[in-house]
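Have a look at the structure below, then the notes.
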Amino acid sequence: MAQILAPSMQWQMKIMKNSTIASPLTAKMWNSLVLNPKRKGMARSTKFRVYAVKSDNGTINRMEDLLNLDVTPYTDKIIAEYIWIGGTGIDVRSKSRTISKPVEHPSELPKWNYDGSSTGQAPGEDSEVILYPQAIFKDPFRGGKNILVICDAYTPAGEPIPTNKRHRAAQIFSNEKVISEVPWFGIEQEYTLLQTNVKWPLGWPVGGYPGPQGPYYCAAGADKSFGRDISDAHYKACLYAGINISGTNGEVMPGQWEYQVGPSVGIEAGDHVWCSRYLLERITEQAGVVLSLDPKPIEGDWNGAGCHTNFSTKSMREEGGFDVIKKAILNMSLRHQDHISAYGEGNERRLTGKHETADINSFSWGVANRGCSVRVGRDTEKEGKGYLEDRRPASNMDPYVVTALLAETTLLWEPTLEAEALAAQKLALKV
Ligand code: ADP
Ligand code: MN
Ligand code: MN
Ligand code: MN
């Protein structure tokens, strides 16, 4: 809701009398009144009061001028929006502060704090949580030299708080063995847009269902594509911010969309995905639409929402890489349960074995097979090198957790020889 100045109620009623157009006041009517103050019946001393008017109904949004003010001729100061992950592990929180001059690196920024008792992250009597700036992006909302700052959270004693999954991931990604393998991640973030008041997907009839899935994936048309402006606005906002977004597409379920971030190296993948999620929350907020990262927002014959994670190491991308991929898949199969338990809340509602998913209770892999836990692309098979796609992660997974676990399982963890032999037989993998 944007707040604008609108004439007092008496004045509005006066217009109504002379007008055939019903409320609300249109931009044209408003213009004619403002630009021509001597118009008959318009007193110069018209009283104004603040009205909340939705910006999409054509009324002038007078706040825009202030929001777009360029302050750089008057001050070196910038606004930094400190962003962190809240107590549910999926909610993004943020607050802003003034920084004395533009910065290029998070190390130039001060630590900050917040009230953890209000985010489910600290008890009331000892509520201070400390934010450590970790990654900087350009702020597409404020523009200029203003920034978004991805932070992680610590106790005043310097211990990462339980919801700080970045800390452990950063440790794994700074392991020499992991660094030397330059792990790349391409993350396909799926999401669902919901109508604010009814929490029912965008474009769906309230209290009813659209026609069955089929015509919606990558579709165009008012009866097939719902929320494209949000997807597109988000795409540009990500590019502006410096997020490594690689594409978008409309999904199989109407009202559901996907964008991809990557390939990104190591910890950067998590930072970029979290920042992209923050942007999406802000853009959907502006659009008056609710963002859902639920893995199965609608029960029944409707696709769920995942966060497929494409992964490769240097060895996988080089000659003979397919063998390295197979060995990685073998390790992943042996730690299937560990991965599943870290791949998102409610994923059991999504991983049913239907709707392009594999059953949650069994691990499988295949070339070009979208019903498997892990898919290897045709190109990778043909070229004998490339990457694998872990299709298990849910849309609400934590990219710090998933990327770090993939690196750990495939680069740092080793099964016993017996377990390896058994798994190789089961998966028909020669290692
Ligand atoms: P899908 O065919 O499963 O829908 P997408 O095209 O949506 O796949 O996403 C694939 C993602 O994988 C992209 O973000 C892409 O940049 C990324 N990617 C491409 N090559 C690699 C690689 N070698 N390692 C990791 N990620 C990769
Ligand atoms: Mn995709
Ligand atoms: Mn998809
Ligand atoms: Mn995919």
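Remember, it's 1-based here, ligands and their atoms both numbered in the order they're listed.
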Nearest protein heavy-atom contact for atom 13 (C) of ligand 1: which residue, which atom, what distance? S246 OG, 3.8 Å

Counting non-hydrogen protein atoms only, what is the nearest one to atom 1 (P) of ligand 1? Give residue, atom name and distance. E188 OE1, 3.5 Å

Distance from atom 23 (N) of ligand 1 to nearest protein heavy atom, with residue and atom: S312 OG, 3.2 Å

Atom 20 (N) of ligand 1 [closest protein heavy-atom partner, distance rounded to 0.1 Å]: Y387 CE2, 3.5 Å

Aromatic ring proximity Y154/Y132, centre distance under 6.0 Å: yes

Please state which part of W184 comes within less than 4.0 Å of ligand 1, counting heavy atoms only: side chain, backbone, both or neither. both

Give every protein N, O or S atom lying under 2.8 Å from the Mn ion (ligand 3), naming each by residue and atom. E190 OE2, E251 OE2, E258 OE1

Answer yes or no: is there an ion pair linking E420 with K327, defined by an N-O contact shorter than 4.0 Å? yes

I'd like to know whether ligand 1 has E258 as a neighbour, heavy-atom separation below 4.0 Å. yes

The one among M316, H308, R375 that brings a heavy atom closest to atom 2 (O) of ligand 1: R375

Identify which one of K138, R142, R97, K95 satisfies the salt bridge (charged side-chain N to carboxylate O under 4.0 Å, His left out) criterion when paired with E81. R142

At what distance is the nearest protein heavy atom to atom 18 (N) of ligand 1, and which residue and atom is it? P263 CG, 4.1 Å

Applying side-chain hydrogen bond (donor to acceptor under 3.5 Å, both in side chains), run through S292 and D294 and close with a yes or a no. CA-CA 5 Å; S292 169; D294 191 287; 5.4 Å; no

State, with a plain yes or no, whether a side-chain heavy atom of E356 is found less than 4.5 Å away from one of H308. no

For ligand 1, is there an N or O atom under 3.5 Å from any N or O atom of G262? yes

If I compare all heavy atoms of A135 with all of D271, which pair ends up nearest, and what's the gap? CB-OD2, 3.7 Å

N361 vs H336, side-chain hydrogen bond (donor to acceptor under 3.5 Å, both in side chains): CA-CA, chis, key distance, verdict: CA-CA 9 Å; N361 294 314; H336 179 60; over 6 Å; no

Evaluate whether atom CG of D229 has more than 12 neighbouring non-hydrogen atoms of other residues, nucleotides or ligands under 6.0 angstrom away. no

For E319, is there an ion pair with K385 - N to carboxylate O distance below 4.0 angstrom? yes

From CG (D91) to OG1 (T163), nearest 0.5 Å: 9.0 Å

Measure the distance from atom 11 (C) of ligand 1 to every protein heavy atom, then report the residue, atom name and distance (to 0.1 Å) of the closest one. N310 ND2, 3.4 Å

Answer with yes or no whether R391 contacts ligand 1, where contact means a heavy atom under 4.0 Å from a ligand atom. no

Numbering the atoms of ligand 1 from 1, which are under 4.0 Å from a heavy atom of E389? 3 (O)

When you measure from atom 26 (N) of ligand 1 to every protein heavy atom, which one gives the shortest distance, and what is it? G186 N, 3.5 Å

Is the shortest heavy-atom distance from the side chain of S333 to the side chain of W365 under 4.5 Å? no

Distance (rounded to the nearest 0.5 Å) between R277 CZ and C238 SG: 12.0 Å

Evaluate the criterion side-chain hydrogen bond (donor to acceptor under 3.5 Å, both in side chains) for residue pair E251 and N249; output intermediate values, then yes/no. CA-CA 6 Å; E251 270 303 338; N249 61 267; 3.2 Å; yes

Short N or O distance, R317 and ligand 1, threshold 3.5 Å exclusive: no

When you measure from atom 5 (P) of ligand 1 to the protein, is at least one non-hydrogen atom found at a distance under 4.0 Å? yes

